[in-house]
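Below you'll find the structure, written out as structure tokens, and then a few comments.
Values below: every heavy atom of this structure, side chains too, minus hydrogens, waters and symmetry copies.
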Amino acid sequence: MSMPVPLFAAVGTIHGCPINVIRRRNAYFKVSSSMDHHNLSKVKSNSLRVLEWDKLCHSVASFARTSLGRQATKAQLWSLDQTFQESLRLLQETNAAILMHNHDSFNLDLTSVDLALVESAIKHARRGLPLDANEAMALLSLLQFVEALQLSLKAAIKQDSDWYKQFMPLSEMITQLVVNRSIIKLIQQVIDEDGSVKDSASSALKKARDQVRTLERKLHQLMDKLIRNETKEAALMVASSVGGRWCISSGTDQPTGFKGLLLSSGSGSIIEPLAAVPLNDELQQARALVAKAEADVLLMVTEKIQMDLDDIEKSLRTAIQLDMIYARATYSLSYGGTYPNIFLPEDIDGPLMAEPYRSKDKTSQASNPKKEWIFYLPKAYHPLLLQQHREKLSTARKNVRSAAAEKKNAGREYGCERRGRNRSFILAKAGSVSKGLFSWFQVRALEEAPPVPVDFFISQKTRVLVITGPNTGGKTICLKTIGLAAMMAKSGLHVLSSESAKVPWFDCVFADIGDEQSLSQSLSTFSGHLKQISEIQSQSTRRSLVLLDEVGAGTNPLEGAALGMSLLESFARSGALLTIATTHHGELKTLKYSNDAFENACMEFDEENFKPTYKILWGVPGRSNAINIAERLGVPSSIVDNARELYGAASAEIDEVIMDMETYKQKFQELIKESRHYLTMSRGLHEKLLVSRRKLQDLGTQQRYKKMRELSEAAAVARSTLHKKLKMSCRVPI
């Protein structure tokens, strides 16, 4: 059965998605009668939901400046249907927008342009209907925006022709647009900035408006005269317009001294004087002439626009696309994102080839990470946690400022009050002080406890990564961070990590995460997880990323461990490009020692401070801390000792070995950090030595040139002196 063909709106498509489809939140899910396609969409949407991709889409879309731009950004991000080449282009667009932002001469902010009104104007013009003045002004703003962009680009290229390549593909996108200056001039000539048609737009309009003003002046004079003649009730009478006709409103129902038509009565009366009826009739006719003249002007503008409608449509589509790019760029700038070097594996069993886009901007160009890494993501942040921390910090700082203002106002009022009423102001001031202190401590706490970044260094030979560690240690956050980073890179977003980020291009990211906050009730059981994992295994390809949280949990530990080992071995053998799983089952840690495709990592736990550090220790299997935690929490020693005995001496010895490995790993990391510090210092000293050597060489060259110049000058003086003496000697007679 063939797919139904969607009816596209007249204004076309953005990145292959029709604008009318973009407006519907879930319209980008294509309907298909194929059960396989339905299952793929279901498992994919479940994965996106548990990874909270929709929240990130909403966050990025909030940086767009127009309603159509926000809708298009959400649709494009949520779809995740880009090819590798399309992902490269999206990243190039984002990087070019950042370069334009840093250039300071470009303005990609579309806040002043109402694209929805422009879309409405295009629809009206397509149907032959006249535009209203507001639509024409919105169209004018769009054309001026495009013209300003083109002028800025020409000025930058004139300054340095290399900017055209650096701004690609935006430079090509902008230069291809056509702006008809005559339309801009026409709209400016006939429509005022407030959205009204100017009197000078046509002689008929000016004549009709002059007639309206004359009639209104006559009616005002007539009403004033009639009200002044009413000596008793004059103070309660006022002239007003009712349905476009001038009348006299009275606060009483008493009879008046003039004849008229009673339009309403009750708590007061509204009367149209008979003397005003002919003038009101003429006023209505004059206003109709004004409306017709305005419609003629707008129709003339519409006919002019119809001649360039295709170019205007293209400008609208490009403006929406630029707003999407602007949203991605400003989000990346706001959160300190890094341009990711995405690459496409040639063959899962062969060598991997990176094909990242290289920016010429030194500030955004990442250095090449080592080739042995398939996933190189240093100091990566979870974007939603970082956003949440910033919002909390901003709110706390705002509360501090608010409390300070309240304290100041309370003190000012306290000084103005009498002594007998001091108590209430003292209480108010004390309340503002306590609120301010609480907010200040909250700010300090948030500043001292920012989100902890994690490092992901996954080697090329690794197919399955097993992460272990204590509860609330950050395992699930790590899964979400790496999943969101992969989808961000694919969607053209910068990843929130330090430089040198290297991310594979995944055709799909699948996830089964069992925290109650992300999983619906229907999938909260062991069978639900197993069904989800089974669908993931059937739908994943050799270019997919699979994230499994607490694999094998929710059932008998022995059976769960056996099932988990079997599942992970299956993924390693013929499953996804990369599978990352978290677990509490100790048996899964041993897979690394029998299969080179496996790698271990664990979440670090601070034994001294009795809390997790949220950092990853690579190559080290995690160990159980349950008995030690129970002991720290004050569980009776008899119970703890019995637990250790039941746990077994062998297991305890393994834990001691793991603890020693963790210690050595920490010392090793400290030594690496120290060596990097000294390496940085030595590089700095080496650069200084090179600079000093260049200066000495330059100084030596200058000194040689100076000596040569002095010798040359001295020789010239000597030659001149000798020449003079020879001439004098020749003149002396013999």
Side-chain angles (χ1 to χ4, degrees), residues 114 117 120-121 124-125 127-141 182-231 233-251 256-265 268-307:
D114 192 334
L117 277 179
S120 175
H124 286 161
R127 298 170 184 170
L129 302 175
L131 279 65
D132 64 34
N134 290 327
E135 291 174 342
M137 288 303 295
L139 180 58
L140 173 65
S141 299
S182 62
I183 295 178
I184 294 177
K185 290 181 179 179
L186 176 62
I187 296 176
Q188 289 175 330
Q189 287 173 356
V190 301
I191 299 178
D192 214 337
E193 292 181 358
D194 61 359
S196 60
V197 181
K198 294 181 178 180
D199 288 355
S200 58
S202 72
S203 58
L205 178 60
K206 187 177 186 308
K207 181 179 179 181
R209 282 183 174 171
D210 288 342
Q211 185 179 0
V212 167
R213 285 190 282 267
T214 300
L215 291 171
E216 285 182 337
R217 185 169 61 253
K218 289 181 179 180
L219 282 166
H220 276 295
Q221 293 172 353
L222 176 62
M223 297 299 169
D224 288 342
K225 182 179 179 181
L226 292 175
I227 290 173
R228 284 196 303 270
N229 291 338
E230 294 293 322
T231 56
E233 306 294 336
L236 300 176
M237 292 183 178
V238 62
S240 61
S241 179
V242 180
R245 303 180 70 87
W246 283 97
C247 305
I248 294 177
S249 301
S250 175
T256 60
F258 57 84
K259 295 181 180 180
L261 303 175
L262 183 64
L263 301 182
S264 72
S265 62
S269 60
I270 299 176
I271 301 172
E272 181 181 0
L274 289 179
V277 171
L279 290 174
N280 274 328
D281 290 341
E282 289 184 43
L283 181 61
Q284 295 286 70
Q285 294 172 3
R287 284 174 175 164
L289 291 174
V290 169
K292 183 180 183 305
E294 289 179 347
D296 290 340
V297 171
L298 293 173
L299 184 59
M300 179 261 295
V301 173
T302 304
E303 290 173 350
K304 179 69 174 176
I305 289 171
Q306 285 175 330
M307 299 172 64

Of the non-hydrogen atoms in Leu283 and Gly244, which two are nearest, and what is the gap between them? CD2-O, 4.1 Å
side-chain contact (heavy atoms from CB on, under 4.5 Å) between Ile183 and Met307: does it pass, once the steps are laid out? CA-CA 10 Å; Ile183 295 178; Met307 299 172 64; over 6 Å; no
What heavy-atom pair brings Trp246 and Pro273 nearest, and what distance separates the two atoms? O-CD, 4.5 Å
Carboxylate-amine/guanidinium proximity below 4.0 Å for Asp210 and Lys207: no
Determine whether Leu298 and Val190 satisfy the following criterion, side-chain contact (heavy atoms from CB on, under 4.5 Å), listing intermediate values before the conclusion. CA-CA 9 Å; Leu298 293 173; Val190 301; over 6 Å; no
Closest approach of Ile305 and Leu131, non-hydrogen atoms and distance? CD1-CD2, 3.7 Å
I need the Asn134 CG to Leu139 CG distance, nearest 0.5 Å. 12.5 Å
To check you understand the geometry: which heavy-atom pair defines the closest contact between Val212 and Ala286, and what is its length? CG2-CB, 3.5 Å
CG/Leu279 to OG1/Thr214 distance, rounded to the nearest 0.5 angstrom? 11.0 Å
Which atom pair, heavy atoms only, marks the closest approach of Leu129 to Thr302? O-CG2, 3.5 Å
For Lys206, is the NZ atom crowded, meaning more than 12 foreign heavy atoms sit under 6.0 Å from it? no
With rounding to the nearest 0.5 Å, note down the distance linking CG in Leu186 to CD in Gln189. 6.5 Å
Is there a side-chain contact between Ile187 and Lys304 (heavy atoms, below 4.5 Å)? no
Using the rule salt bridge (charged side-chain N to carboxylate O under 4.0 Å, His left out), only one of Glu282, Glu294, Glu216 pairs with Arg287; which is it? Glu216
Which heavy atom of Val277 sits nearest to which heavy atom of Arg245, and what is that distance? O-NH2, 3.6 Å
Let me confirm one number: the CD-NE2 distance from Gln306 to His124, rounded to the nearest 0.5 Å. 12.5 Å
Do Val290 and Leu205 pass the side-chain contact (heavy atoms from CB on, under 4.5 Å) test, and can you show the C-alpha distance, the side-chain angles, and the key distance before you say yes or no? CA-CA 6 Å; Val290 169; Leu205 178 60; 3.9 Å; yes
If you measure from CG on Leu215 to CD on Gln211, what distance do you get to the nearest 0.5 Å? 5.5 Å
How long is the gap from OG on Ser241 to CG on Asn280, to the nearest 0.5 Å? 8.0 Å
Is there a donor-acceptor pair closer than 3.5 Å between any side-chain N or O of Glu135 and the backbone N or O of Asp132? yes
